[in-house]
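Down below is the structure, laid out as structure tokens.
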Amino acid sequence: MTNHWVDIKNADLVMIMGGNAAEAHVCGFKWVTHAKEERGAKLIVVDPRFNRSASVADYYAPIRSGTDIAFLGGVINYLLSNDKYHDEYVRNYTDASFLVREDFDFKDGLYSGYDADKRRYDRSSWNYQIGEDGYARVDPTLQDPRCVFQLMKQHYSRYTPEVVSRITGTPEDRYRRICEMIGETGTAGKTMTILYALGWTQHSVGSQNIRTMAMIQLLLGNMGRAGGGINALRGHSNVQGITDMCLLTTNLPGYMTLAHESEQDYAAYMKKRTLLPLRPGQISYWRNYPKFHVSLMKSWFGDAATPANDFCYHWVPKYDKAYDVLHMFERMYQGEMNGFIAQGFNPVAAVPNKRKVVAGLSKLKFLVTIDPLETETAAFWENHGELNDVNPSEIQTTVFRLPAACFAEEEGSYTNSGRVLQWHWKGADAVGEGKSDSDIVAGIFVKLRDLYAREGGAFPDPVVNLAWDYLHPEEPSPEELAKEFNGRALTDLADPKDPTRVLVKAGAQVKNFTQLRDDGTTACGNWLYSGSWNQDGNNMAKRDPSDPSKLGQTLDWGFAWPVNRRILYNRASSDTAGKAWDEKRDVIHWNGSKWTGSDIPDYKGDAAPSDGIGPFIMNPEGVARLFAVGRMAEGPFPEHYEPFESPLPYNPMHPDNPLVKSNPAARVFKGDMEMFGTAEEFPYVGTTYRLAEHYHFWTKNVELNAVVQPEQFVEIGEELAAEKGIRAGDQVKVRSMRGHIKAVAVVTKRIKALDVEGRKVHTVGIPLHWGYVGLAKKGYITNTLTPFVGDANVNTPEFKAFLVNIEKA
Amino acid sequence: MALDIIRRSATTTPTPQARDSVELAKLIDTTRCIGCKACQVACMEWNDIRDDVGSVDGTYNNPTDLTSSSWTVMRFFEKEDPNDRFNFEWLIRKDGCMHCADPGCLKACPSPGAIVQYSNGIVDFNQENCIGCGYCVTGCPFNVPRISKSDSKAYKCTLCSDRVAVGLEPACVKTCPTGAIMFGTKEQMTAQAETRVTELQGRGHAQAGAYDPAGVGGTHVMYVLKDASQPQLMGLPDDPQISPTVSLWKGVAKPVAMAGMALAAIGGLFHYVMKGPNEVSKEVEAEVEKELEAEK
């Protein structure tokens with residue numbers, strides 16, 4: 001979330017699309033209730049199903065799964081053609097005025113630079129025009145045909161209400177009404193928040209779904225403001241934490257980036273990431289990259305990291321390609337992996353195409369599961385009849401099950417969706433031989449290190465030299481780890497303004513990342529978390545709910561990254577003169593000498609508005625990007641592409657170009673393209689999702705959850721049910737190209753057939769919580785059905801839109 | 001807070017009158033409810049009851065009905081606008097005991113002290129006095145009490161009388177994530193309902209209203225409904241009354257029925273010996289009803 005949970009209450013309009021907050025984020029949804037009752041906010045829900053969120057919404061519209069960009073692209077068109085955008089904000093806080101290179105082009109659904117064989121773009125033309133002064137060229141009048149504003153306007157002019165309705169199946173009147181409601185928030189006095197989750201990410205265009213909405217929020221002037229923002233509702237209590245720590249295989253902690261194998265030159269690696277301002281006077285905060293990176297290397301390798309050896313840069317692996325979950329299981333399936341450690345992960349249930357996943361696991365020499373409970377993955381080799389029809393005698397994989405402590409059996413911090421780190425204390429000891437994950441991993445590490453130390457090996461240096469200064473090497477304490485993430489001074493740090501003064505003594509915790517250095521005198525495990533455990537102590541453990549602003553900022557409750565800022569980009573909550581757009585919802589404003597308000601400025605605290613520093617300090621432009629330059633795999637402006645399994649034989653935006661039916665930059669492994677089904681055989685749109693009563697694949701182990709939602713079911717509309725002769729309560733079989741499941745049919749008015757390109761498109765809703773382990777009734781793994789393809793940028797699998805058929809079992 | 005028993009089933013001794021007490025109420029705002037069933041889980045946890053892991057009957061209702069171990073269940077209703085197929089509603093209601101001011105169950109109960117009403121308005125079952133006759137089931141205009149298959153006694157929501165007695169809110173109120181379930185004095189809850197209704201009417205729900213039916217003397221569990229003109233859309237009776245059978249039982253027919261009851265008890269015993277406890281109540285009920293019919 002760029003904002004935070006409590007801030008939802010400050011919105012005038014809450015939009016839930018690509019998520020189902022009432023169902024999947026039941027507790028956080030309370031803030032929607034507050035917004036409705038305290039501010040008179042309206043709630044809009046757009047979803048293929050009339051879901052639990054819709055049941056309390058003011059307005060609902062259905063949408064065909066996988067067509068969000070068409071819907072939102074249409075909203076952009078509406079805002080631009082009806083002057084419903086926030087003009088002052090767009091002119092000053094976005095790159096609307098920036099001129100784009102002449103060789104940038106968009107034709108037949110493809111941007112300039114496409115290589116069809118590699119399914120990849122050369123993105124060099126997707127950039128600004130750079131003037132002789134080294135800065136990006138701009139046209140403040142927004143009239144130049146090459147400026148971002150004009151290019152964007154032209155791009156989305158194709159998304160007319162008729163086109164949107166034809167693609168999405170959303171009735172045109174409902175779509176128009178929603179455009180109007182959204183458009184009303186494009187003023188200084190109103191804000192809209194968007195709550196989304198996996199309903200946007202789990203598509204082959206997932207990242208672009210979110211970007212389209214980010215563009216809308218920028219056009220409305222809703223970023224950086226109370227009650228605004230782009231708010232990802234994260235699925236696990238600490239999944240924001242793992243993302244910050246380094247979720248993607250091409251990242252490092254704190255969203256630094258791992259070097260590509262072509263980057264063997266340390267200086268060049270640093271220079272490329274030390275981003276210099278693209279406009280005069282801008283902050284371009286990533287210019288501090290070397291401070292964060294060197295401090296990370298010092299944290300990892302301690303004294304072994306020296307300027308002479310480029311701070312051990314050459315010890316860190318360089319990537320050749322992303323090793324995301326799909327790639328891992330592809331390699332496993334190809335027999336290219338020997339072992340796999342599944343830590344808090346149940347891939348048999350959670351990864352698409354279960355048959356491929358189980359086949360992959362069957363080729364391993366060993367599998368380690370680290371989990372408090374038995375999982376389908378740990379039991380992948382057991383025969384459970386139709387639910388898991390394998391022959392154990394043919395599987396040679398050795399499975400080690402390491403019992404882990406449950407969340408309540410260990411101490412540590414959680415980072416919630418709103419980036420707030422909250423310390424928690426253990427409520428009970430782990431059962432039996434259960435150990436915390438850090439103890440398990442540390443134990444494995446110490447053994448491996450001893451083996452390397454004793455026996456050498458091809459490249460023991462990074463392992464034997466890894467800094468491991470914990471009091472008990474096999475049991476690093478959560479406190480030690482947390483302090484490591486915050487960072488500390490390795491020598492006395494002198495004040496740059498007055499070298500005679502010592503800012504931080506050697507060995508002391510740094511205050512926050514502004515004290516980190518690039519000369520090896522500081523160590524920090526994650527610069528974003530710096531400030532969470534500093535000389536003031538454990539700030540994550542703060543529990544003061546005081547909220548003088550009444551906006552829910554509660555600056556003394558936990559610690560929000562970065563440096564306790566609750567709303568990101570909050571300089572944009574004020575106009576160019578530094579006056580709050582809405583004084584009743586003042587986040588920060590300029591008081592004549594400094595920035596002050598209900599939040600910590602995400603900005604230079606003493607920079608006067610007249611200095612002209614943009615609010616988006618992480619970008620070298622100083623402003624937000626409506627044009628994503630070269631950062632997105634499939635193009636700088638999101639374009640509608642069909643899901644890989646679509647009920648349509650073509651992309652309605654480009655009916656004559658089969659290359660762009662689906663995301664032209666998404667990776668498809670050899671053999672998987674053939675495993676995509678066609679609408680002739682599988683005419684219905686399948687979509688998987690979660691229910692309020694269960695948590696992923698865990699709570700089927702809990703009696704109470706099993707009682708309130710005991711058995712696997714699928715949901716279909718009354719019309720489809722009548723066509724197929726299916727009645728509520730019947731057993732049905734749902735098939736995709738990759739396999740089948742059986743479940744009870746729930747027949748409902750809440751899922752309607754949609755009119756798409758003159759065809760009738762039905763949706764089959766498939767809740768995912770069941771499996772062959774647990775207390776609830778045994779069920780099928782729903783990911784038996786889903787396709788093995790992901791988003792082009794981060795490879796999140798396309799769980800939300802695929803093709804199925806259904807019949808009475 | 002004073003807590004006296006103000007009514008006791010099949011009892012003629014006067015109840016305490018000396019102390020004043022405040023009437024309490026639970027308010028369920030169905031327009032805030034998202035049907036998450038956290039209240040069902042909290043109820044099972046606090047009251048130490050565990051229903052069976054059942055099956056799906058083609059709806060989201062689960063467990064599919066109130067049982068002796070499910071004292072509250074969510075009921076889901078779908079309503080479609082005949083003029084606009086995309087304009088529909090998924091109405092969700094937390095079902096359970098309404099704690100009527102004039103409780104049909106208590107009036108129908110032939111067993112002394114099996115059902116009591118406290119001065120705070122809570123209607124509570126004392127299972128140790130329950131004979132499992134099932135009259136409370138017949139007597140309830142909301143179809144709430146259920147007879148346990150394991151001990152043949154009647155069970156239902158206690159409004160967490162044990163928690164309330166020590167100044168805590170009921171478990172469902174405590175757990176409700178959206179604040180759809182509220183608890184306070186009847187007066188406060190009535191006022192709160194009015195506030196909610198005003199807000200809803202302002203949002204375009206002209207028919208919004210509170211459900212606190214006069215036919216049972218008002219209830220200590222009230223609802224806020226989006227359309228109070230049609231409570232039956234959410235499975236609530238329009239104008240609940242204590243069934244004529246029970247009124248008759250409490251009136252002229254009582255002495256006769258008492259005699260019938262004695263007969264029925266013998267019949268019940270016979271039945272128990274022959275068939276086991278599960279159907280005692282139906283058997284008894286049928287016989288008594290026959291008697292009552294004959295009286296008419």
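Sequence lines set the chain letters: A, B, ... in the order given, protein chains first and strands last, and positions in each chain run from 1.
When each of B:Ile34, B:Thr30, B:Thr178 is tested with A:Val56 by the rule side chain to side chain contact (heavy atoms under 4.5 Å, CB included), just one qualifies, namely B:Ile34. With respect to A:Val707, the side chain to side chain contact (heavy atoms under 4.5 Å, CB included) criterion is satisfied by exactly one of B:Met44, B:Arg50, B:Gln40: B:Met44.
Of the charged side-chain nitrogens involved, at least one lies within less than 4.0 Å of a carboxylate oxygen, so that A:Lys752 and B:Glu80 count as a salt-bridged pair.
Top candidate by heavy-atom pairs under 4.5 Å with chain B, chosen from A:Ser55, A:Ala745, A:Ala692, A:Ala743, is A:Ser55. Of the residues considered (A:Ala753, A:Ser53, A:Ala776, A:Ala61), A:Ala753 shows the highest number of contacts with chain B, using heavy-atom pairs under 4.5 Å. Highest contact tally toward chain B, considering only A:Val32, A:Asp58, A:Val747, is held by A:Asp58 [criterion: heavy-atom pairs under 4.5 Å]. Heavy-atom pairs under 4.5 Å with chain A peak, among B:Arg196, B:Lys79, B:Glu199, at B:Arg196. In terms of heavy-atom pairs under 4.5 Å with chain A, the best-connected choice from B:Ile92, B:Asp84, B:Thr195 is B:Asp84. Contact count against chain B (heavy-atom pairs under 4.5 Å) is highest for A:Glu711 among A:Glu711, A:Arg727, A:Lys777. Between chain A and the options B:Asn61, B:Val56, B:Val53, heavy-atom pairs under 4.5 Å are most frequent for B:Val56. In terms of heavy-atom pairs under 4.5 angstrom with chain B, the leader among A:Pro62, A:Cys27, A:Gly28 is A:Pro62. The residue among A:His34, A:Lys36, A:Glu23, A:Gln712 with the most heavy atom pairs within less than 4.5 Å of chain B is A:Lys36. Of the listed residues (B:Gly179, B:Gly202, B:Gly54), the greatest number of heavy-atom pairs within a distance under 4.5 Å of chain A belongs to B:Gly54.
Under a cut-off of 6.0 angstrom, the local environment of NZ in B:Lys153 is crowded, with over 12 non-hydrogen atoms contributed by other residues, nucleotides or ligands. More than 12 heavy atoms of other residues, nucleotides or ligands shown are found within 6.0 angstrom of NZ on A:Lys724. Environment of CD in B:Glu187: sparse, with no more than 12 heavy atoms of neighbouring residues, nucleotides or ligands closer than 6.0 Å.
Only the side chain of A:Glu715 comes within contact range of chain B, judged by heavy atoms closer than 4.5 Å. With a threshold of 4.5 angstrom between heavy atoms, A:Leu691 approaches chain B through side-chain atoms but not through N, CA, C or O. No part of B:Leu91 comes within reach of chain A, as not one of its non-hydrogen atoms sits under 4.5 angstrom from that chain. For a residue to count as touching a neighbouring chain, one of its non-hydrogen atoms must lie under 4.5 Å from one of that chain's; by this rule B:Ser55 touches chain A with backbone and side chain alike. Only the backbone of B:Cys33 comes within contact range of chain A, with at least one heavy atom under 4.5 Å from a heavy atom of that chain.
To the nearest 0.5 angstrom, B:Asp51 atom CG is 9.5 Å from A:Glu703 atom CD. To the nearest 0.5 Å, atom NE2 of residue A:His694 and atom NZ of residue B:Lys37 are 8.5 Å apart.
A:Arg52 places a side-chain N or O within donor-acceptor distance of the main-chain N or O of B:Gly35, the cut-off being under 3.5 Å. Remark: the backbone N or O of B:Glu78 is not paired with any side-chain donor or acceptor of A:Lys749 at under 3.5 angstrom.
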| field | Residue pair A:Arg174, B:Asn87: steps toward the side chain to side chain contact (heavy atoms under 4.5 Å, CB included) verdict | value | CA-CA 10 Å; A:Arg174 291 197 165 250; B:Asn87 186 27; 3.5 Å; yes
| request: Determine, stepwise, if the pair B:Phe76 / A:Arg750 fulfils side chain to side chain contact (heavy atoms under 4.5 Å, CB included). | output: CA-CA 12 Å; B:Phe76 296 80; A:Arg750 296 175 294 101; over 6 Å; no
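Aromatic pair B:Phe86/A:Phe50: ring centres not closer than 6.0 Å.
The shortest side-chain heavy-atom distance between B:Met74 and A:Glu693 does not fall under the 4.5 Å cut-off.
Across all their heavy atoms, A:Val744 and B:Gly58 have their closest contact at CG1-N, 4.3 Å.
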